[in-house]
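Keep in mind the model is a prediction, meaning the values are calculated, not measured. Excluded from the calculations below are hydrogen atoms, water molecules and symmetry mates; all remaining heavy atoms, backbone and side chain alike, are included.
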Amino acid sequence: QVQVVESGGGLVQAGGSLRLSCTASVSSSYFMGWFRQAPGKEREFVAAINWSGSSARYADSVKERFTISRENAKNMAYLQMNSLKSEDMGVYYCAASRSRWPVAAASVGVWGQGTTVTVSS
């Protein structure tokens, strides 16, 4: 069964850091990505990475603060989040896409169950 499972969410102070992990039971040829959803808002794209890890894309709101990476040998993807702000709070979802960059929810083929990030001011 194709699935992805997130972990690593939690409570962090504003300005702090957190690393999310995604365990993926998908082929290493898949694009991987992260989305987030704040209460009352739509799910939004955060970051995505290609199969080799050589190329990544980021939402403007997280550029220079977040870094996406992957370890294909471990079937893992990560999201390193630095300088966290209150507006970064929400449920973070790992996403996998077989043939397209997962930069829009419609292009995602596999979703995780989400992990919650809370930023205290």
Would you sort out whether M32 and C22 count as a side-chain contact (heavy atoms from CB on, under 4.5 Å), showing the intermediate values?
CA-CA 9 Å; M32 299 297 296; C22 174; 3.9 Å; yes
D60 vs K63, salt bridge (charged side-chain N to carboxylate O under 4.0 Å, His left out): CA-CA, chis, key distance, verdict:
CA-CA 5 Å; D60 288 343; K63 281 180 181 177; 3.1 Å; yes
Criterion side-chain contact (heavy atoms from CB on, under 4.5 Å) on V117 and M81, from CA distance to verdict:
CA-CA 10 Å; V117 172; M81 305 184 294; 3.8 Å; yes
W111 vs F35, ring pair (Phe, Tyr, Trp, His ring centres under 6.0 Å): CA-CA, chis, key distance, verdict:
CA-CA 10 Å; W111 291 102; F35 285 70; 5.0 Å; yes
side-chain contact (heavy atoms from CB on, under 4.5 Å) between Y93 and V46, intermediate numbers included
CA-CA 10 Å; Y93 297 90; V46 175; over 6 Å; no
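Residues L20 and T115 are in side-chain contact: their nearest non-hydrogen atoms beyond the backbone lie under 4.5 Å apart.
Between the side chains of Y58 and E64, no donor-acceptor pair is found at a separation under 3.5 Å.
Ring geometry, F66 versus Y92: the interplanar angle falls from 30° to 60°, so the pair is classed tilted. Classified by interplanar angle (parallel below 30°, tilted 30° to 60°, perpendicular above 60°), the ring pair F31/W101 is tilted.
N72 places no side-chain N or O within donor-acceptor distance of the main-chain N or O of N75, the cut-off being under 3.5 Å. Judged by distance alone, the side chain of R19 and the main-chain N or O of Q80 form no donor-acceptor pair under 3.5 Å. Counting only distance, with no hydrogens or angles, the side chain of S27 and the backbone of Y30 share no donor-acceptor pair below 3.5 Å. Counting only distance, with no hydrogens or angles, the side chain of Q37 and the backbone of E42 share no donor-acceptor pair below 3.5 Å. Without hydrogens or angle criteria, S21 side chain to S7 main chain gives no donor-acceptor distance under 3.5 Å. Distance alone, capped at 3.5 Å, is enough to place a donor-acceptor pair between the R70 side chain and the N50 backbone.
Pairs engaging residues 43-58 under the salt bridge (charged side-chain N to carboxylate O under 4.0 Å, His left out) rule: R36-E44 [sequence neighbours left out].
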